[in-house]
There are 2 protein chains.
Amino acid sequence: MTTIKDIAKKANVSTGTVDRVIHNRPGVSEKTKIHVQKIIEEHNFQINTIASTLALNKSYKIGVLIPEARVENEFWSEPKKGIEKAAEEIKNFRISTSFFTFDQFDSKSYVTAFKDLIAGDFDAVLMAPVFHKETSQLITHLDKENTPYVFINIDLQGFNTLSFIGQDSFKSGHLAAKLMSVMLADSSEIIIPVFRLNKGNYSHINDRITGFKSFFKEKKSSIKIKDIAIPNFKDLKVISSILDDHMKGRTIDGIFVPSSRSFLIAEYLETAQLENIRLIGYDTNEKNIQFLKNDTIDFLICQNPYQQGFNGIKLLSDYLVMNKAPNPNYHSPMTIVTKENVDAF
Amino acid sequence: MTTIKDIAKKANVSTGTVDRVIHNRPGVSEKTKIHVQKIIEEHNFQINTIASTLALNKSYKIGVLIPEARVENEFWSEPKKGIEKAAEEIKNFRISTSFFTFDQFDSKSYVTAFKDLIAGDFDAVLMAPVFHKETSQLITHLDKENTPYVFINIDLQGFNTLSFIGQDSFKSGHLAAKLMSVMLADSSEIIIPVFRLNKGNYSHINDRITGFKSFFKEKKSSIKIKDIAIPNFKDLKVISSILDDHMKGRTIDGIFVPSSRSFLIAEYLETAQLENIRLIGYDTNEKNIQFLKNDTIDFLICQNPYQQGFNGIKLLSDYLVMNKAPNPNYHSPMTIVTKENVDAF
DNA sequence: TAATTTTACGTGCACGTACACAAAACTAAA
DNA sequence: TTTAGTTTTGTGTACGTGCACGTAAAATTA
């Protein structure tokens, strides 16, 4: 391994000069600078990150702003786990992470948590920008301090994000449509239940639906698709009655649930004893997996939320410690999960 | 952060003693040992890996034994890339990797490469045990030297492997069958072309077939499945004539190719102008992707070979540097790849 | 030409750990 | 009590890098 010392010896200068050249610090004549740079290149020397972090003895604080993992929505416990795992791996680099969580259906709690985070004066931020308007307002504080931030899971546009980590929602809808199409005859009918609570904030729900529909428009326009608005997902009776209305007199062949709540629809299908309806949903939460395993749900599209969290922290750590500029986008794979491969995830 | 110094101060001993306690080295009285251990626990002190590696100044050599990435089989270029990426990430830990490649259809070249590797006196080995008998014979040399080795991609049983990284082949066959079954009517007929060259060495090909058949036996026994032996995959004419024979007079609805050579079958289907035949294969090589994109291949099951290579090296590095014992198995996810999500991989 | 400022470079310590070596504290025999 | 041997403990240096500090040499000014 080539070290700074080696370079210094070859270049007939001291390690201090080499250090100055490497970090582009002032106090080196143009002549020696070029000379040292040449030798660095020749030996394709690279800084030893290990020694560097040790010497720097700097510590970094990463703030994490994500929804709390509630019973009704365990989705966010996955990124949390991924973040914790990554934090564990890099803690020797003196990077600490602090969580700020909020109720993903309550914009006020989002604002509170966000403000707490801003007050914490972090070196970098990993966040799920669930609420658009509130994000626009508060993120100016981060911009002002030049605090780098990465969006996770939700790809809001028009911000100075360092990077986005998550799925391309339109494409994932497209994929769901493909899966649905191989399962259905050409003259089938599909419904898309949309829970109203999701509609407002989560633009990716809409993107998924658009992607889904665009597939059939292009490839199999003979298939009818209908949206069904459902006011909330707390009251099973309401869900049932709305769906009952729509099922009556019609034969529905497929249901596409553009959110992680496909289990609610599965529950309905089971109690209503409706069989031979193909069901595709999102995310591998416990209930979804249960219905996947008993064949009520055919496919789940998984966002790999664990990986999203893990990669988010890793990205920021690389950025902070090694000054490594990330890509603007890291699209997580759209993993298709079935009864048969669910255990490997 | 708590350091060895801090512990030493609290325990009223020197850092040397703390070091001896941490590494369980001799030369510490039972009394002080317990005392120091208690303080270590109280402060839940953990060694700083960064400083540790720097101080140890030890270097490790990992030998990698995998098939060469040939034009006819680009599969193995993926693990190679993964390995190189991981090697890059950990090179500051003074870990070097050396490749020993062989022709995956020539056991002699395997033996030669393996012997070269053994002569290289490596600290750990990552290998694809393509040939069973030869592996049994040569691996004793590694066992004798207590050199840890990890199997990648091929899960040979009965060896002292530190870990296996790869897919559960039976399950992946099962998964392929599920995908096939959603696409086919109940009275369909499926063929499984098996290239003879694969048969002998690669036990996972057989496992995939077994998994595939077991699904239909359980779930849809009305569907007929037939194996078709194909002597090699060099001569397209031979392949065509054999398939022609089998297609004649019959309606084949689905083809399951249990290897990465589904593109050969796709090529046949296109030239023979056979449409409406569902085709499922393995691995995202360039040609397969091409046929996936033009809808000749419906699904590919991906082994994430890049990840396999990457994780293999990471695992060994964790084992060597941090003495972290790995799981006996890391089953890579069975990723379903379609035209719609292929770009994300 | 001397005094002063600026530039260019070298030196030494710190980061946290590992380990060789030195020193001290015991133990047992003379 | 002395002495040698053994066990236990302390000290110093190295790993590779970053940075504060010091100091010649060169450039500028008076």
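Fair warning: this is a prediction, and the values are worked out from it, not measured in the lab. Just the heavy atoms: all of them, side chains too, but no hydrogens, waters or symmetry mates, feed the values below. Lettering follows sequence order; numbering is per chain, from 1.
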Have a look at B:Ile22 and say if it touches a base, only the backbone sugar-phosphate, or nothing, with a 4.0 Å heavy-atom cut-off. nothing
NA contact type, B:Thr53, heavy-atom cut-off 4.0 Å: base, sugar-phosphate, or nothing? nothing
Over 12 non-hydrogen atoms of neighbours within 6.0 angstrom of NZ in B:Lys61: yes
How about A:Lys33 and A:Asn24: do any of their side-chain heavy atoms sit closer than 4.5 Å? yes
Under 4.0 Å between any heavy atoms, over every strand shown, what does A:Ile50 touch: base, sugar-phosphate, or nothing? Just pick one. nothing
Should the pair A:Glu88-A:Lys85 be classified as a salt bridge under the 4.0 Å nitrogen-to-oxygen rule? no
Nucleotide C:dC19, atom C1' - distance to CZ of B:Arg20 in whole Å: 9 Å
Without decimals, in angstroms, what is the distance between A:Asn12 CG and C:dA8 P? 18 Å
5'-most contact on DNA chain D: B:Leu56 or B:Val28, nearest heavy atom basis? B:Val28
For the side chain of A:Leu54, starting at C-beta, report the closest nucleotide among C:dG16, C:dT17, C:dC9. C:dG16
Please test A:Met127 against A:Tyr110 for side chain to side chain contact (heavy atoms under 4.5 Å, CB included), starting from the C-alpha separation and ending with a verdict. CA-CA 11 Å; A:Met127 59 182 282; A:Tyr110 179 70; 3.4 Å; yes
Base, sugar-phosphate, or nothing for A:Asp19, non-hydrogen atoms under 4.0 angstrom? base
Identify the 5'-most and 3'-most nucleotides of DNA chain D with at least one atom closer than 4.0 Å to a non-hydrogen atom of chain B. D:dT8 to D:dG16
Can a side chain N or O of A:Ser29 be found less than 4.0 Å away from OP1 or OP2 on C:dA8? no
Test B:Phe102 against B:Thr112 for side chain to side chain contact (heavy atoms under 4.5 Å, CB included), laying out the working first. CA-CA 8 Å; B:Phe102 55 91; B:Thr112 311; over 6 Å; no
A:Phe122 ring center within less than 6.0 Å of A:Phe100 ring center: yes
Rounded interatomic separation in angstrom, taking CD from A:Glu30 and P from C:dT7: 14 Å
Measure the distance from CD1 on B:Ile7 to P on C:dA18 and round it to the nearest whole Å. 13 Å
Examine C:dG16: is either OP1 or OP2 under 4.0 Å from a nitrogen or oxygen in the side chain of B:Thr15? Give yes or no. no
Are the side chains of A:Leu320 and A:Ile62 in touch, meaning some heavy atoms are under 4.5 Å apart? yes
